[in-house]
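Read through the structure below, which is laid out as structure tokens, and then see the notes.
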Amino acid sequence: MEVVTMTGKNGKTREGRAHGTGGRDGTGTGYDVVVVGGGAAGLSAALVLGRARLRTLVVDAGEPRNAPSSHMQGYLSRDGMSPAAFLAAGREEIAGYGVELLTGRVTDVTRNGAGTGDAGFAVLLDDGRTVRARRLIVATGLKDELPAVPGVAERFGRDVLHCPFCHGWEVRDQPFGVLASSAMSVHQALMVSRWSKDVTFFLHTVAEEELSDQDLRRLAAAGVGVVPGEVAELVVEDDRLTGVRLTDGSVHARSVLYVGPRPVPRTDLLEQLGAELSETPSGAYPVVDPTGLTSVPGVWAAGNAVGFAEQVVHAASGGYRAAAAIVGDLLMADLDAAVAA
């Protein structure tokens with residue numbers, strides 16, 4: 001057990017004990033836990049692990065899902081905070097508990113041995129180094145693939161949005177457009193009508209016949225206008241969205257456009273480890289228990305790595321739950337080993 005000196009946010013130093021493997025097999029630096037991903041889920045997990053005096057490494061590629069947004073909403077006490085400031089605060093907090101943060105990628109993970117006991121994992125980094133971990137938390141999130149309409153990617157996170165809970169209040173009562181990507185986009189068009197009574201649903205590549213009678217009745221009841229025809233591009237003037245142009249040349253004045261990105265879960269590492277995945281309309285995600293434990297012993301997942309709809313507050317909560325479960329798991333493993341010795 002290694003004694004380390006840590007500096008807290010108040011500038012005072014204190015001693016803690018890092019219960020790491022210390023690379024005792026001679027094949028790399030050892031950690032109790034390696035957290036893959038340094039977003040809300042990963043940092044929240046690292047905070048709990050650091051406070052539990054576990055030697056922890058966070059490996060972060062620096063690609064947070066909410067990077068295009070200038071603010072985040074709905075997180076009690078952090079409402080309106082910028083995602084960048086939120087992450088910076090989290091990094092400062094985990095550093096105060098001796099957690100290490102590495103900018104980079106994990107390119108491969110293998111189990112040490114074929115058993116399902118406490119053998120741990122070999123974690124290969126993109127700089128060629130290998131570190132050891134007794135437990136893993138995968139918080140790699142997902143990537144949003146945007147509709148291939150000129151102007152959408154450039155305006156995403158500004159006046160092209162995807163979540164009314166994240167941005168609806170800030171753009172309330174403005175003329176909304178909703179770009180259909182499938183018949184399921186009806187739900188998005190209905191939801192955003194809570195924040196504006198001027199909503200136009202652009203069917204784009206969706207045929208009107210794909211909408212059910214109930215869909216059409218609900219859209220009409222919500223006062224949502226339905227416009228058939230493919231969208232050609234967004235109209236932008238003075239660096240703000242002013243309209244949506246169809247392929248027939250007509251322009252519909254709108255100042256906000258909601259889109260439905262295709263979520264692409266970053267599950268490569270989980271797949272390499274053989275984790276069970278479940279197919280959903282929003283992609284394939286790992287099957288987890290209430291703490292985030294996957295079907296692979298010793299591997300937890302949290303945040304958007306386990307679901308499309310995990311907001312920042314949910315991701316932070318998921319990271320906390322996973323870390324707390326790991327603290328107990330490692331303690332019992334160590335006690336059982338001591339009893340057996």
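On a predicted model such as this, the values are computed, not experimentally measured, just so you know.
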Worksheet item: Where do Pro265 and Leu142 come nearest, in terms of heavy atoms and distance?
Response: CA-CB, 3.7 Å
Worksheet item: Using links of under 4.5 Å between side-chain heavy atoms of ILVMFWY residues, direct or through other members, which residues join Leu331 in one cluster?
Response: Met332, Leu335
Discussion item. Does this structure show an ion pair linking Asp32 with Arg55, if we count only N-O contacts that are shorter than 4.0 Å?
Written reply: no
Discussion item. Around atom CZ of Phe308, are there more than 12 heavy atoms from other residues, nucleotides or ligands closer than 6.0 Å?
Written reply: yes
Worksheet item: Do Gln73 and Asp79 have side-chain atoms, one donor and one acceptor, less than 3.5 Å apart?
Response: yes
Discussion item. Between the side chains of Asp239 and Arg158, is the shortest nitrogen-to-carboxylate-oxygen separation below 4.0 Å, so that they form an ion pair?
Written reply: yes
Worksheet item: Do you see a donor-acceptor pair shorter than 3.5 Å between the side chains of Glu230 and Thr247?
Response: no
Discussion item. For Gly151, is there any backbone N or O sitting under 3.5 Å from a side-chain donor or acceptor partner on Glu154?
Written reply: yes
Discussion item. Side chain to side chain contact (heavy atoms under 4.5 Å, CB included) for Trp300 and Thr291? Distances and angles first, verdict last.
Written reply: CA-CA 8 Å; Trp300 275 256; Thr291 72; 3.0 Å; yes
Item to complete: Could you pull out the closest heavy-atom pair between Leu257 and Leu179, with the gap in Å?
Response: CD1-N, 4.0 Å
Worksheet item: For the side chain of Ser185 and the backbone of Ser181, is there at least one donor-acceptor N/O pair under 3.5 Å apart?
Response: yes
Practice prompt. Taking all heavy atoms of Leu124 and all of Gly128, pick out the closest pair and write down the distance.
Written response: CD1-O, 3.8 Å
Worksheet item: Will you find, in the side chains of Asp215 and Ser212, an N or O donor that is under 3.5 Å from an N or O acceptor?
Response: yes
Worksheet item: Are Arg266 and Glu63 ion-paired here, with the side-chain N under 4.0 Å from a carboxylate O?
Response: yes
Worksheet item: Would you call Arg65 and Asp144 a salt bridge, using N to O less than 4.0 angstrom?
Response: yes
Worksheet item: Does a salt bridge link Asp173 with Lys197, judged by any charged N lying under 4.0 Å from a carboxylate O?
Response: no
Worksheet item: Counting N and O atoms only, with roles assigned by atom type, does the side chain of Ser196 sit under 3.5 Å from a partner on the main chain of Arg172, one being a donor and the other an acceptor?
Response: no
Worksheet entry | From CZ (Phe176) to OG1 (Thr200), nearest 0.5 Å | 11.5 Å
Practice prompt. Applying salt bridge (charged side-chain N to carboxylate O under 4.0 Å, His left out), name anything that partners Arg262, two or more places apart in sequence or on another chain.
Written response: Glu145
Item to complete: Would you indicate whether the side-chain heavy atoms of Val138 and Thr267 approach each other to under 4.5 Å?
Response: no
Practice prompt. Anything under 30° is parallel, anything over 60° is perpendicular, the rest tilted; go ahead and classify His167 against His71.
Written response: perpendicular
Practice prompt. Assess whether salt bridge (Lys or Arg N to Asp or Glu O under 4.0 Å) is satisfied between Asp289 and Arg321, documenting all intermediate values.
Written response: CA-CA 11 Å; Asp289 77 358; Arg321 286 196 302 271; over 6 Å; no
Item to complete: Verify whether one side chain among Glu100 and Tyr31 offers a donor that lies under 3.5 Å from an acceptor in the other.
Response: yes
